[in-house]
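Inspection log for the structure reproduced underneath, given as structure tokens.
Read the numbers this way: they start at 1 and go in the same order the structure lists the ligands and their atoms. A quick note: this is a predicted structure, and the numbers were derived from the prediction, not measured.
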Amino acid sequence: MSVPTLEDLGDVSGRRVLLRADFNVPIRDGEVVDDFRIRAALPTIEWLTSRGAVVTACSHLGRPKGKVDPRYSLEPVRARLAELAPGVELLENLRFNPGEEANDPAFVAQLVEGRDAYVNDAFGSSHRAHASIVGPPRLLPSAAGRLLQREVEVLLRLRTDPEHPFVCVLGGAKVSDKLAVIAALLRVADSLVIGGGMCFTFLRAQGHTIGDSLVEEDMVDTCRELLEREGDKIHLPVDITALGPGGAIGDPSAGGEVRQVGADVPAGWRGLDIGPGSAAAFGEVIAAARTVFWNGPMGVFEDPRFEAGTRSVAEAMAEAPGFTVVGGGDSAAALDQFGLAGRIDHVSTGGGASLELLELGDLPGLEALRGAPNA
Ligand code: 3PG
Ligand code: MG
């Protein structure tokens with residue numbers, strides 16, 4: 001699995017380095033509102049610039065679909081980067097060019113023109129076989145940056161050699177998005193804790209009523225099979241916080257009663273968070289673990305009426321004596337909202353990338369680095 005690292009580039013003094021970063025960060029009113037991903041690239045930038053390299057960074061932002069669109073300009077990122085790492089140039093949004101997502105050789109040629117080396121520190125994008133991720137390592141001496149290196153080390157360790165008990169906590173809306181990673185994690189995890197919108201497909205498979213909660217009907221059988229095979233490892237909510245008829249998510253003024261119910265959600269009600277009994281039970285499983293991985297919120301935590309379950313899991317993670325890893329933008333945002341990010345051992349900068357690495361044990365961006373001329 002080893003990929004070339006910064007040391008493998010040799011002397012970088014005076015060399016022009018193209019740095020692929022993942023600066024796909026939230027922006028509001030022309031300002032970066034969360035610079036976590038920018039700060040995460042600083043160790044690599046400092047390593048390079050302190051040794052005399054001339055660094056040009058590049059990234060995508062959002063999904064502008066191959067067209068120049070000022071709403072997706074990296075200008076706000078450039079301003080923040082200039083404060084954090086003066087002297088580092090930043091190219092405009094790679095996805096303004098259709099060649100980026102198409103992995104067009106002509107766009108790769110444009111990216112490597114005038115550069116002497118390539119560094120990939122864009123962990124969050126390394127599951128995309130896009131031009132800036134897989135192209136330059138075919139042509140230039142290349143290396144993984146410190147962030148990419150650390151992400152891969154931590155996440156592959158979970159997959160191959162975690163300290164047990166190893167507990168995985170999964171949430172989010174859809175089972176179908178997570179099925180492959182659930183299967184991969186069940187091979188190594190001792191317990192799988194399931195909350196969030198996707199728990200209702202499991203609860204339905206167990207024969208519970210779910211009211212108007214989110215459900216993927218076509219996944220019910222799959223969930224039932226999983227429960228039959230691995231049920232002793234799987235922890236599901238025993239109670240739910242539900243919103244009654246007429247209520248609206250994010251708008252308490254719309255009315256609608258909020259109530260704790262058991263594992264059965266009444267007709268006309270929507271389950272939007274795990275209940276306090278479930279939160280306590282999940283907290284105990286997390287506290288007893290030597291390793292914990294968490295991806296996906298337990299409920300609609302953006303609405304204060306439905307944040308308690310996600311907050312409890314975040315607090316249990318912060319308190320946990322075991323080694324804690326969080327992956328995914330929503331879980332990381334929840335940690336930030338609760339001021340707990342600093343108390344987690346590793347907060348991954350990748351969502352899709354961390355799940356794909358856990359599932360497959362490799363990523364297109366890593367494969368490309370292993371094929372570099374210097375590797
Ligand atoms: C992310 O935020 O998930 C990464 O930056 C990748 O973005 P993408 O999902 O648009 O490829
Ligand atoms: Mg994504």
Handout entry: Among His130, Arg37, Arg95, closest by any non-hydrogen atom to atom 3 (O) of ligand 1
Key = Arg37
Problem - From Ser59 atom OG to Asn93 atom CG, the distance as rounded to the nearest 0.5 Å - result: 7.0 Å
Exercise for the section: Flag His127 as yes when one of its N or O atoms lies below 3.5 Å from any N or O atom of ligand 1, and as no otherwise. Expected result: no
Practice task
Report the distance from atom CZ of Arg150 to atom OG1 of Thr349, rounding to the nearest 0.5 Å.
Solution key: 12.0 Å
Practice task
With heavy atoms of Asp22 as the reference, note each atom of ligand 1 found under 4.0 Å away.
Solution key: 4 (C), 5 (O)
Problem - Listed partners of Val258 passing side chain to side chain contact (heavy atoms under 4.5 Å, CB included), at least two apart - result: Thr241, Leu243, Arg305, Phe306
Handout entry: Enumerated ligand 1 atoms positioned under 4.0 Å from heavy atoms of Arg128
Key = 8 (P), 9 (O), 11 (O)
Problem - Whether Gly124 lies under 4.0 Å from ligand 1, heavy atom - result: yes
Problem - Gap separating the CG atom of Leu74 from the CZ atom of Arg80, nearest 0.5 angstrom - result: 15.0 Å
Practice task
Indicate yes or no for a side-chain donor-acceptor contact from Asp212 to the backbone of Trp269 under 3.5 Å, with no hydrogens or angles considered.
Solution key: no
Exercise for the section: Output the list of atoms in ligand 1 that are nearer than 4.0 Å to some heavy atom of Asn24, sorted by atom number. Expected result: 1 (C), 2 (O), 4 (C), 5 (O), 7 (O)
